[in-house]
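A quick write-up on the structure given underneath.
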Amino acid sequence: MIMKKNISLTSEILILIGLGIAFLLVGIFFGPRLQPVWIDEVVLAEPAANLALYDSFTSAAWYHQNAQEFHVSTSFLYTVLLALWIKVLGFSIEKVRLFNYVLMLLSITVIWLFIKKLPLIKFSWLRIILVVSCLLPAGITFIYISGRYDTSGIFLSALVLGAFLIKDAKIRWLTMTIIGFFFPLSGLSAVVFATIFGGILLLFNFQRFWREFVAIGGGFILGMLFLYALYSTNGVWDDFVSLTLGHTVASANLNRSVIDIIFSRVSKLFDQKDYVCGGCLHPSFPPLSLLLIILIFYELLTKSFRWRSPSFFALISVITIPTTMCFLGKYPLYYSWMSMFPLIICICWSFNNILEKNTGKIQTTIITIAFLGLLLYANLLGLPYLVQMTLQQWEKNDYAKVQNFLDNKINQEDNIYADFQTFYALKSRAKRVYFPLYNGQMTPEDRDNLSLIVIDPRASARASWNPGLAEIVGDSLPQWYDTGEQLDTGTYGMKLYRKR
């Protein structure tokens, strides 16, 4: 069986390098078109661009701060790293989005090294399949194509796995503490994930992992102390607390009993219409879950199932992580990596154990067909499907049309209010650009100083947080006129309004 035939380490590395280059080429040529420019991407990239292009760690894309304050966002680490990336490579949609592809590739490289060195998976072709399966499924794909910060949490989690390879205990614990320090800087969702995942590890083998758990926890505390010192020094600690906890959530819970709050959280676990649990609803999750069930059933039939087996660990993970995240707040699509990576790694690990035991030719052939078929199906539903859809929407998703449309219409002195979709076309051309979430923070002086508005005027594109022209300019509406210049690619639509 080809799955049990090993190739040389050199050949394996060369194949992985080839796959990595292919992945980066997808990011370069398809990245700008795979996902339209959207809100989450802009609110993370805009302060990074300000820092890189104008040496100002501020933002005019968030709702909780004014554009003069030291910036507070969901991921300080990601913003700073992206700013350094922009400083080195420059600013464009292609270059900014490529950052996440590189972070993903680095993360998967560390995971491969971890799997190879232990070794959890002894068959080279299976390790290659694992690498591919950590990049392609839906859910995981959405994270790196959409410009979100979750790739920094993935990278730190991969580094934790890599730290387990350090044989000297004291150096390993110190390394864990250093990595743990960066988790709060990466985002508090990453801290919550690491805590949940660490708890599962302790449940399976307390004696083996408790010291590493304590070391990472110490790093969490140091990271939080750093954030407190940083934000307090700049007078924005309250902004961080407000952003983290949310005024609306806090005030909504003030007059509610603990039982009411718990009941509302539990009810969300079963509400598929609520985006809080969307991380389990992407198309790659069902085939991978089915494959896990088949592997467990096979182990039960062959009497090889163990409570500490990788398959059971995966089962506990895919139940505990989404459920706990939903209960604590939300588990949207971009958090799906938290259960997908343990699921994929443990599925491949379990299959490796089955191949090693070789319980019977017919049984092994059947389980191999199921493994390859379902894993291939799950992978095809992610990046390959998106590439296919993008090819069909190639002209509509062409961001160059937005850039060409706005070219020569902007000058450095313009004060602009614009939809998120214009971000990459405007940011490098004008220093002061206000985006829709910032509308509530704009002062009367900010509105008076506006000279250009670039928005999609259609009612379908507006929302309570994304007002139209009249709501943006208020009483000064008679001073504004439609330039008659507009763009509609099918994906991007906008009109230009100037002040008389």
Side-chain angles (χ1 to χ4, degrees), residues 40-41 43-45 47-48 72-85 97 99-111 114 134-135 137-164 175-201 212-213 215-217 219-224 226-227 240 243-244 276 278-280 282 317-318 320-322 324-326 328-345:
D40 283 29
E41 174 180 17
V43 297
L44 290 161
V72 173
S73 75
T74 48
S75 181
F76 173 79
L77 178 65
Y78 183 86
T79 303
V80 172
L81 290 177
L82 182 57
L84 293 173
W85 177 269
R97 287 192 169 182
F99 178 64
N100 270 354
Y101 287 80
V102 172
L103 269 184
M104 281 298 297
L105 209 53
L106 291 173
S107 303
I108 302 307
T109 300
V110 176
I111 291 174
F114 171 76
C134 284
L135 291 173
I140 292 175
T141 298
F142 177 76
I143 293 165
Y144 60 79
I145 71 167
S146 63
R148 277 189 54 86
Y149 69 91
D150 307 272
T151 48
S152 62
I154 294 172
F155 180 59
L156 290 175
S157 300
L159 289 180
V160 171
L161 293 181
F164 275 103
T175 304
M176 293 279 192
T177 302
I178 293 172
I179 297 171
F181 169 83
F182 289 101
F183 268 83
L185 280 62
S186 173
L188 296 186
S189 60
V191 175
V192 175
F193 160 72
T195 303
I196 298 169
F197 190 76
I200 298 173
L201 282 176
E212 284 76 12
F213 187 81
I216 294 177
F220 292 169
I221 295 172
L222 292 175
M224 286 303 301
F226 172 81
L227 286 179
F240 175 73
L243 180 66
T244 303
V276 294
C280 295
H282 61 84
S317 296
V318 298
T320 304
I321 294 173
T324 306
M325 292 299 293
C326 283
L328 293 175
K330 60 183 179 180
Y331 186 69
L333 179 62
Y334 42 79
Y335 286 175
S336 62
W337 66 272
M338 299 178 181
S339 58
M340 286 288 284
F341 276 103
L343 176 59
I344 292 167
I345 292 171

Only pairs under 3.5 Å count here: list side-chain donor-acceptor contacts from residues 151-160, not counting sequence neighbours, and write none if there are none.
residue, atom, partner, partner atom, Å
Thr151, OG1, Asn100, OD1, 2.6
Ser152, OG, Tyr149, O, 2.7
Ser152, OG, Ser186, OG, 2.8
Ser157, OG, Gly153, O, 2.8

Show me, pair by pair, the donor-acceptor contacts under 3.5 angstrom made by side chains of residues 187-199, not counting sequence neighbours?
residue, atom, partner, partner atom, Å
Thr195, OG1, Val191, O, 2.8

Check side chain to side chain donor-acceptor pair (under 3.5 Å) between Ser107 and all other residues, then give those that pass, not counting sequence neighbours.
none
If you measure from [atom1] on [X] to [atom2] on [Y], what distance do you get to the nearest 0.5 Å?
X: Leu82; Y: Leu44; atom1: CG; atom2: CG; answer: 8.5 Å
X: Met325; Y: Cys280; atom1: CE; atom2: SG; answer: 11.0 Å
X: Thr177; Y: Ile216; atom1: OG1; atom2: CD1; answer: 8.0 Å
X: Glu212; Y: Phe164; atom1: CD; atom2: CZ; answer: 5.0 Å

Is there a side-chain contact between Ser339 and Pro322 (heavy atoms, below 4.5 Å)?
yes
Please list all pairs passing the salt bridge (charged side-chain N to carboxylate O under 4.0 Å, His left out) test where one or both residues lie in residues 142-163, with sequence neighbours left out.
Asp40-Arg148, Arg148-Asp150
Taking only residues two or more places apart in sequence or in another chain, which ones pass side chain to side chain contact (heavy atoms under 4.5 Å, CB included) with Ile221?
Leu225
According to side chain to side chain contact (heavy atoms under 4.5 Å, CB included), who are the partners of Cys134, at least two apart in sequence or on a separate chain?
Ile108, Leu130, Phe341, Ile344
Who are the ring pair (Phe, Tyr, Trp, His ring centres under 6.0 Å) partners of Phe240, not counting sequence neighbours?
Tyr231, Trp237
Non-neighbouring partners of Tyr144 that pass ring pair (Phe, Tyr, Trp, His ring centres under 6.0 Å), sequence neighbours left out:
Phe23, Tyr101
For the residue pair Tyr78 and Ser73, confirm or rule out a side-chain donor-acceptor distance under 3.5 Å.
no
